[in-house]
Amino acid sequence: MRFSKAFFPTLKEAPAEAEVVSHRLMIRAGMIRRLAAGVYTLLPLGVRAQRKVEQICREELDRAGAQEVFLPTLNPAELWQKTGRWDVYGKELIRLKDRHGRDFCLGPTHEEVITNLVSREVRSYRDLPQNLYQIQTKFRDEIRPRFGIMRGREFTMKDGYSFDRDEKGAEESYGLMVEAYKRIFRRCGLTLGVAAADSGAIGGSFSHEFMVMADSGEEAISVCEKCGYSANVEKTPVEVTLPDNRGGELEKVHTPDAHTVDEVATFLDFPPEQVTKTLLYMVDDEPAALMIPGHRELNESKAKNALGAATLFLADAAVVERITKAAVGFAGPVGLEGVRIIADNSLKGRGGLVLGANETDHHYTGGEEGRDFRADVFADLIVAGEGDSCPECGEPMNIRRGIEVGHVFKLGCKYSEALDANFLDENGETKTIVMGCYGIGIGRTVAAAIEQNHDEDGIIWPTPIAPYHVDIILANMKDTVCREVAEKLYAALGGLGVEAVLDDRDERAGVKFKDADLIGFPYQVIVGPKGIKEGRLEVKSRKTGERDFLPLEGATEAVASRILGEIETFASA
RNA sequence: CGGGGCGUAGCGCAGCUUGGUAGCGCGCCUGCUUCGGGAGCAGGAGGCCGGAGGUUCAAAUCCUCUCGCCCCGACCA
């Protein structure tokens, strides 16, 4: 590509709306432009980077035995009604009607469509296993789109689905995908963490998130440096031990204006862990009181799982006031009627607790579980935090931030049952297909790569996903010898499979250097009069900033082998 | 949806408090000079001040409504 002809609209400044680095750089480098909230146009450089990631996905998934399909975006409502998700998915599902008034939605994911397909075509155990994937635009009317392409309402996703005869087969398929995913992200040049994830109502340990470690990540992961355990903080088991302070008297104390745990702890001069948080939730439309030690955070997904609940959200102030007959901030378990009490394991049989008194501006001290109140259920209800013990080896863990770029999930028979995806086994018995699903956010992977690889001047692409490999910079447009050399190099590199841009714009050298750094070409070949007179070409690595001076003779091959070799290294590592 | 904030030239912003001629930097166009890290000078184009209504002799500025966007929380690739 000739820069003079290219549609690479770079910007010196980023629009105010862009906050995170990847978003700012993608706009500045001319990769994306916003059309509406969470809806982005991909410009040529953006498309090329994304295509690279897609291609790596294809190669690795095909290698793992998966096959590419292409499912419709426009989905008839009936399929979604059959699995119940037409109702469950809520506002995130973009719904529309056709001219006849029939209901449709834009696919936010494709379990329904793919399972429907497979249920029609697969009849015998001989037809299994199958592993099908697609790379396609997904639509989710996110509550809050943000960070540019990282969380859009329309985005490109690789989604794959495996179909097996039994659990064992499904687990093998799952394992193959985990391996393929590791290779994919490694080839994209990403430093990755694989974390055990919450598998929700389905249970089991067969869900993993692929996290690109980055401070701007939206996910928190607990990591044990000692044994390598790693899991989403929501999934990490937490065991908190509270001091055993039984035997004290239950005493009501006046705590004016002390609503939060910190305020109460400070006011009464108690350590926060002895001040028990009682939170009122609506659990499947029934109010329930959830209790945890005051210094920790409630983990809603653990609570949901422990209760087998479908929905769980914080009760609003009106409900709290009705149940506790007090202002928000003074809820407690003592004398609370008609409400289930679910307490964190750490509270079992503990005493010396500070509890809300269900009376505005009052708390109890010396509360004791089992004596002053009784929890109906005990469970682990706490979000893992820095320093919590590793569930595997007991060492203190660290909390790190990550961007979820991939998620694999053993689905079991949830969709195959709902959509009658059955087959006949060797004995002629009807069996339900066991499924797995596997997703990769393509655009998000590109953005994550930028989060992980940039400096103050711009993007530093890992070579395998760079939109172009080399920028040939003509430092002086008037020098005809330089032009000739650059043109030859440009043509020759193309012939060797290197993707090159020739910056032949009538601009000063500084402008070209700045753009090259911003766009992030892994290499810049600088063709200027000085070097040419000495018979040498200057090659600059974007990553290290090192400059090599290569003899003109054989320079093309040297550049090509360096770049292609680098890509190879990522692939074979 | 709750909380916070912003809409003025392609981009970044000032002007608004205290109504009266719409401005700055970058970018863009023309010319001359310059030419290895976002050049200098000169000239120029570009604005229903997000939209609607109201107050006023007069509104970017004050009031009401509305739309859009961003940030913080619950969803997810």
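Every chain is numbered from 1 and lettered A, B, ... according to where its sequence line falls, protein lines coming before strand lines.
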Considering every strand and a 4.0 Å limit on heavy-atom distances, what is the contact class for [X]: base, sugar-phosphate, or nothing?
X	result
A:A36	sugar-phosphate
A:I473	nothing
A:G458	nothing
A:R34	sugar-phosphate
A:G406	sugar-phosphate
A:M477	nothing
A:A475	base
A:F210	nothing
A:D159	nothing
A:E17	sugar-phosphate
A:V511	base

Base-pairing mate for [N] - Watson-Crick or G-U, with both contacts under 3.5 Å:
N	result
B:C28	B:G44
B:A59	none
B:U17	none
B:A9	none
B:G38	none
B:A52	B:U64

Starting the side chain at C-beta, find the nucleotide from [options] nearest to [X].
X	options	answer
A:E404	B:A77, B:G73, B:G27	B:A77
A:R28	B:G38, B:G73, B:A74	B:G38
A:E19	B:C71, B:G37, B:C35	B:C71
A:K478	B:C35, B:C76, B:C72	B:C35
A:P15	B:C11, B:C70, B:C13	B:C11
A:I143	B:A74, B:C71, B:A39	B:A74
A:M157	B:C69, B:A77, B:G38	B:A77
A:R508	B:C69, B:C35, B:G73	B:C35
A:R144	B:G73, B:G38, B:G36	B:G73
A:F147	B:C70, B:C71, B:A77	B:C71

Starting from [atom2] on [N], measure out to [atom1] on [X] and report it in whole angstrom.
X	N	atom1	atom2	answer
A:I27	B:C69	CD1	C1'	12 Å
A:M177	B:A77	CE	P	17 Å
A:D506	B:C32	CG	P	13 Å
A:N232	B:C75	CG	C1'	13 Å
A:R33	B:C11	CZ	P	9 Å
A:D503	B:G36	CG	P	14 Å
A:Y161	B:A77	OH	P	10 Å
A:E92	B:A74	CD	P	14 Å

What I want to check is whether the side chains of [X] and [Y] have a donor and an acceptor closer together than 3.5 Å.
X	Y	result
A:T156	A:Q50	yes
A:T73	A:Q136	yes
A:Q524	A:D517	yes

Could you tell me how far [M] sits from [N] if I compare only their [atom1] atoms? Round to whole Å.
N	M	atom1	value
B:G73	B:U17	P	35 Å
B:C69	B:C28	C1'	26 Å
B:A45	B:C65	P	41 Å
B:C13	B:G27	C1'	14 Å
B:C49	B:G19	C1'	14 Å
B:A22	B:G15	C1'	8 Å
B:C24	B:G47	C1'	15 Å
B:C63	B:C76	C1'	42 Å

**Short side-chain N/O contact from A:K12 to OP1 or OP2 of B:C11, under 4.0 Å** =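 It does not, given that no N or O in the side chain of A:K12 lies less than 4.0 Å from OP1 or OP2 of B:C11.
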**Request:** Using the closest heavy atom to pick a nucleotide of RNA chain B for each, name whichever of A:I149 or A:L35 lands nearer the 5' end.
**Result:** A:L35
**Message:** Judged by each residue's nearest nucleotide on RNA chain B, which is more toward the 5′ side, A:K540 or A:R140?
**Reply:** A:K540
**Prompt:** Does the distance from a Lys or Arg side-chain N to an Asp or Glu carboxylate O, for A:R483 and A:D504, drop under 4.0 Å?
**Reply:**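 Looking at A:R483 and A:D504, the cut-off is not met.
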**Request:** Considering only NZ, NE, NH1 and NH2 on the basic side and carboxylate oxygens on the acidic side, decide whether A:R340 and A:E286 come within less than 4.0 Å.
**Result:** no
Ignoring hydrogens and angles, answer whether the base of [N] and the side-chain atoms of [X] contain a donor-acceptor pair closer than 3.5 Å.
X	N	result
A:D515	B:G38	yes
A:R151	B:C75	yes
A:E507	B:G38	no

**Asked** Using the benzene-type ring in the case of Trp, are the ring centres of A:F409 and A:H407 under 6.0 Å apart?
**Response**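 Close enough - the centres of the two rings lie under 6.0 Å apart.
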cation_pi([X], [Y]) dist<6.0 Å, angle<=45:
X	Y	result
A:R153	A:F139	no
A:R95	A:W80	no
A:R505	A:F3	yes

**Prompt:** Do we see A:F513 stacking on the base of B:G38, given a limit of 5.5 Å between centres and 30° between planes?
**Reply:**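 The base of B:G38 is not stacked with A:F513 (the test needs centres under 5.5 Å and planes under 30°).
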**Asked** With sequence neighbours left out, what residues match A:I399 under side-chain contact (heavy atoms from CB on, under 4.5 Å)?
**Response**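 In terms of side-chain contact (heavy atoms from CB on, under 4.5 Å), with neighbours along the sequence ignored, A:I399 is linked to A:A220, A:S222, A:V233, A:E386.
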